[in-house]
*Asks:* 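Take a look at the following structure, please.
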Amino acid sequence: MDFGWWWRCLFSLSILYFTSTYTHAKTAPSSQPLCSDQDRSALLQFKHSFQLDCAVSALDPSRYPKTKSWTVESNPDCCFWDGIECNEETGSVIELDLSSSCLYGSFPQNSTLFNLKHLQKLHLAFNHFNYSQIPPEFGHLRSLRSLNLSLSAFSGQTPSAILKLSEMTVLDLSGDDPPDLRLHDPSLDMLIRNLTHLRQLYLDDVDISSTVPTFLTNLTSLQAICLANTNLYGEVSPSFFKLPHLEIIRFSRNSDLGGFLPQFHLNNSLKEITLFDTSFSGELPPSIENLVRLELLDLAYSRFSGLIPPSIGNLTSLLYLNLYSNNFIGDIPLSITNLANLETLGLSDLNAMSQQLCLEFRKLHRLTTLLLLGIKLDSEMPSFLANLTGLSYLDLSRTQLKGQFPQWVANLTQLQNLNLRENELEGPIPQWISQFTILNSLQLGMNNLSGNFEVFSGLQNLVDLDLSGLSLTFSGSSRKNSSVLKLELLDLSYCNLGKFPLFLQNQTTLQSLMLAENKIEGVVPQWLINTTTANLFSIRLGGNKLTGFEQPISVIPWTNLEWFDISNNKWQGPLPTPPSSLEVYSASYNMLTGNIPKDICKAMSLSTLDLSNNSMSGHIPPCIGDQLGESLQLLDLRGNGLSGTIPLEFTKLCTLGMINLSENKLEGDLPRSLSNCTKLQILDVGKNSFNDTFPSWLGSQPQLQVLVLRHNKFHGSIEDPKPSYEFRFVRIIDLSCNLFIGHLPSAYLQNWHKMQVSNENKSGSSNTMSTVVFQAGNEELMQQNQFDYSITITNKGSETLYTKVLTVFRVIDFSSNKFTGEIPNIIGDLKGLQALNLSNNNLVGDIPSSLANITDLESLDLSINKLSGVLPQGLSQLQSLEVFNVSYNHLTGQIPQGLQFNTFDNSSYEGNSGLCGFPVSNSCRNVDATPSAVSSATSDNNNEDSVLIDWIVRSLGCLSGIVVGFVIGKVFITDKYHDWFMETFQRRPKKRVRRAPRRRR
């Protein structure tokens, strides 16, 4: 007898018995349900508070409606329902995980959820609570240790009741960009002082708007802190990086947040450091090699400098390294090729790669994503990339590649994304490009390449194609052969096209179409509308000669359109009403007439409305303030004929970052409800007829950087500010050509800290920089743009339209008012000031010597005042000074000599007969030793003339728009305007169009 066979049967039967017994014990309800009637009732009522809609919470592919299983019929014991865990002894519900459960609807303030008093873990992430506020009743759940409400469409202020959850170890309130959730009162500092047991804190995309609390370094149990895109500013203590258990640091997208990396010691636990788009600076310490557990290091778009230390090659655990767009110098260290586990590498704007480094690159055989943007590569050296056959993403844009299309690319058969934009490639696009059948995205724009569009017709997986700036031909058969292409994004900007390409008639999947800056004349054809009506999300036709639609219509015809750009055309007639889905409406520099339609407010998601430089008239619809105020981020109505008062009533949920109403016919007061727009960065109401006092009530705005009130009827004195109303972050303030009186606002000047810092980044980068965002654990790179702010100000004697307001641009213009008294000496503390204009006032006294401390000063105009005394000799040390004007005052003594002062002509000093030395005709040897005597001898004549000249020039200056920089006898400089095109503001463009999945933790 085969006893082995019997033993195997017996063993199998035993396993089957115990398995069935265990399963029965787990699934069969007991005679006495574990969960209490109270908990079961609370859960069922909570379930019925919401609809189930998986479409609105489609961010997580693993979503499913867990509450669908919550029925007494299927199982009366709620401890066995999906997402619920109970205490085995008491039956109390202690864990509730409804992440990605398709819940939709406003979160009720009196939800029965708060009856679950023993709840320790509550996860509601990836649902949609319809932008309701977080109820303060969350504070009743005193046993909570883990709370996750991330990416579930909560908005408003976080309730202070959350401070009561003192046992909390994990808190995740991460939101979306732009932030809808705020943490102001309580502040971040209050939060961490009360929740001292925190181990993990995730507040990405929550508006915090504060400095980094110093108390943060006391949280010795902290393991992860994620505060990306929270408007943090100030300095992070280096000791914070040395917290003993800290593994994850994410401070990205806080451009005013700075600090530097410390010397790292062994046994450091850090696994991720993300400082992308911050102001962190200094050199990378050689001791960075001690971060032996580090897997992700992202320092892109920061201000690090110096050499990249060779010791970085010892970080052998690194999977992801991004050093893109810093101020590093020198060569890329050869040791970087020791990072054998590296999957993503981003480098840019460094010296040319050496031949040896190129040869060693073959060691990085695990690379799937490589970005070498802006690194100089000669035409032969990139052939080393032919060995990296596993690459799926390759970006060599701006690497000065020359010559023919590189043959070595043909070896990279796994490529899904190839970017060769902005190089010097020339000649034909090779036919073999059609062999890349898995290619998903191809970026060849801004080269000197040419070819027939047919070469791309076989790329059956291609959805993203950028051919901007290329010389293309379209054969007669293009329409038929290109039908294999199922493009979603197509960029044919700058291609010298004279008409709409006919192959577009087959592109029924097209979601984003860019035909900007061509020579297309006439109308938008009806066939294009018919082909793309339902699918098109974005169309950009700016910079052509279009006059309208082929069939006259009053409503934009694309039903799901989110981005509509017809700027810089010849579009005529009334403004087309947008569909409700529209987010960006750019129609500047056209020939539009009539009123702004009230139906524009049906586009409840509108974030950008730019109707500047048209011929529109009538009043501003009031609904723009209350109905659109919660979505609108940029409002530009500059250069029209709009009249009346501003009827806008902005709510407390106002999201506006820029308002430009300049060069219209508006009057009355500024609406006080503007104080609700706490994200406002730029306000320009210049060249209207506003009749109001100085808006000191705007001084508390936490982000206001630019205030332009020029050419209006603002009046009265500027009183000392109340505490927290000092315009602390202002960089540009223009009060010129108004009716202000009294002394200069010295109490404000001492609080303008953004003007006190000299030698900030002057590389030309701005707070509107286009950036490439690296997502940890996600190989897809997403393009992020922000809108280019545009204002008109006077600088260096000329009124100019600035299409990009750089973060380093700092200006004060108080000219052409009736200010009296002396120039406050404290103005010398504004060392970062670049332009100072106090001309056309009634200022008296000496020119303060402290002006010599403003080392960044490029333009100084003190003309047409009643200043006396001598010119401070220290002014001659201002090496950046290009414009200097003290004409028509009562100055005496010797003119400073040397450096920039040798470049100023006589017009800078006219009307000051007591001045001597180059370049005026008076020699200092022939001038009376007592300047006061000279002044006295001519005072009678000068006083009469100066009063007359003062009022003539002041009037001319305000009427003409030339605020400063002119002197009698010189020709006025007229306004100079330049066309400009807006991209996006704090929002990802719809380049990929399909919604990019939000990252999951």
*Asks:* Mind running side-chain contact (heavy atoms from CB on, under 4.5 Å) on L704 and F727 for me, showing each step along the way?
*Replies:* CA-CA 7 Å; L704 189 63; F727 295 92; 3.8 Å; yes
*Asks:* Apply salt bridge (Lys or Arg N to Asp or Glu O under 4.0 Å) to the pair D298 and R250, showing each step before the final yes or no.
*Replies:* CA-CA 9 Å; D298 189 350; R250 190 181 303 149; over 6 Å; no
*Asks:* Run the ring pair (Phe, Tyr, Trp, His ring centres under 6.0 Å) test against F304 and tell me which residues pass, sequence neighbours left out.
*Replies:*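 If we apply the ring pair (Phe, Tyr, Trp, His ring centres under 6.0 Å) test to F304, skipping adjacent residues, there are no hits.
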*Asks:* Judged by modelled atom types alone, do N825 and S850 share a side-chain donor-acceptor pair under 3.5 Å?
*Replies:* yes
*Asks:* I'd like to know if D205 pairs up with R253 as an ion pair, taking the criterion as any Lys NZ or Arg NE/NH1/NH2 lying under 4.0 Å from an Asp or Glu carboxylate oxygen.
*Replies:*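 Looking at D205 and R253, the cut-off is met.
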*Asks:* Q157 side chain to H184 main-chain N or O, any donor-acceptor pair under 3.5 Å?
*Replies:* yes
*Asks:* Any chance you could lay out the side-chain contact (heavy atoms from CB on, under 4.5 Å) test for N419 and L396, step after step, and finish with the verdict?
*Replies:* CA-CA 6 Å; N419 190 343; L396 298 181; over 6 Å; no
*Asks:* Output the distance between atom CE (M190) and atom CG (L195), rounded to the nearest 0.5 Å.
*Replies:*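 Going from the CE atom of M190 to the CG atom of L195 covers 10.5 Å.
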*Asks:* Residues two or more places apart in sequence or in another chain: which of them pass ring pair (Phe, Tyr, Trp, His ring centres under 6.0 Å) with F154?
*Replies:*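 Testing F154 for ring pair (Phe, Tyr, Trp, His ring centres under 6.0 Å), a comparison that skips the adjacent residues, returns F107, F129.
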*Asks:* Return yes when atom CZ of F729 has more than 12 non-hydrogen atoms of other residues, nucleotides or ligands closer than 6.0 Å, and no otherwise.
*Replies:*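 Yes, CZ of F729 has more than 12 neighbouring heavy atoms, counting only those of other groups under 6.0 Å.
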*Asks:* When you measure from the side chain of R293 to the backbone N and O of L291, does any donor-acceptor pair fall under 3.5 Å?
*Replies:*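 No, the answer is negative, given that no donor and acceptor are paired below the 3.5 Å cut-off.
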*Asks:* Hey, mind stepping through Q750 and Y748 against side-chain hydrogen bond (donor to acceptor under 3.5 Å, both in side chains) and telling me if it holds?
*Replies:* CA-CA 6 Å; Q750 66 184 359; Y748 280 101; over 6 Å; no
*Asks:* Given side-chain contact (heavy atoms from CB on, under 4.5 Å), test Q223 with L246 step by step and report yes or no.
*Replies:* CA-CA 4 Å; Q223 296 173 349; L246 195 57; 5.8 Å; no
*Asks:* May I ask you to check whether N751 and E726 show a side-chain donor-acceptor distance below 3.5 Å?
*Replies:* no
*Asks:* Using the test ring pair (Phe, Tyr, Trp, His ring centres under 6.0 Å), find all partners of F241 that sit at least two apart in sequence or belong to another chain.
*Replies:* none
*Asks:* Within the 3.5 Å criterion, strictly below it, is a donor on S302 or T278 matched to an acceptor on the partner's side chain?
*Replies:*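 Yes.
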*Asks:* Do the side-chain N and O atoms of D207 and N231 include a donor-acceptor pair separated by under 3.5 angstrom?
*Replies:*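 Judged by distance alone, the side chains do pair up.
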*Asks:* Is a side-chain donor-acceptor pair under 3.5 Å present for S287 with Q263?
*Replies:*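 Judged by distance alone, the side chains do pair up.
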*Asks:* Suppose we call two aromatic rings close when their centres sit under 6.0 Å apart. Are F280 and F260 close by that rule?
*Replies:*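 No, too far apart.
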*Asks:* Side-chain donor-acceptor pair under 3.5 Å between N326 and R303, yes or no?
*Replies:* no
*Asks:* NE2 of H197: more than 12 outside heavy atoms within 6.0 angstrom?
*Replies:* no
*Asks:* Say whether, by atom type as modelled, one donor and one acceptor occur between the side chain of N148 and the main chain of S150 under 3.5 angstrom.
*Replies:*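 Yes, because the side chain of N148 sits within donor-acceptor range (under 3.5 Å) of the backbone of S150.
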*Asks:* Using atom types as modelled and distance alone, determine if a side-chain donor or acceptor of Q705 lies under 3.5 Å from a backbone N or O of Q681.
*Replies:* no
*Asks:* Just by distance, with hydrogens left out, do T274 and E272 show a side-chain donor and acceptor under 3.5 Å apart?
*Replies:*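 Note: T274 and E272 side chains meet the donor-acceptor criterion.
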*Asks:* Is it true that S146 and H123 share a donor-acceptor pair across their side chains at a distance under 3.5 Å?
*Replies:*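 Yes, side-chain donor-acceptor contact under 3.5 Å.
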*Asks:* With distance as the sole test, does D172 use its side chain to make a donor-acceptor pair with the main-chain N or O of S174 at under 3.5 Å?
*Replies:* yes
*Asks:* Can you confirm whether K242 is buried at NZ, in the sense that more than 12 heavy atoms of other residues, nucleotides or ligands lie under 6.0 Å from that atom?
*Replies:* yes
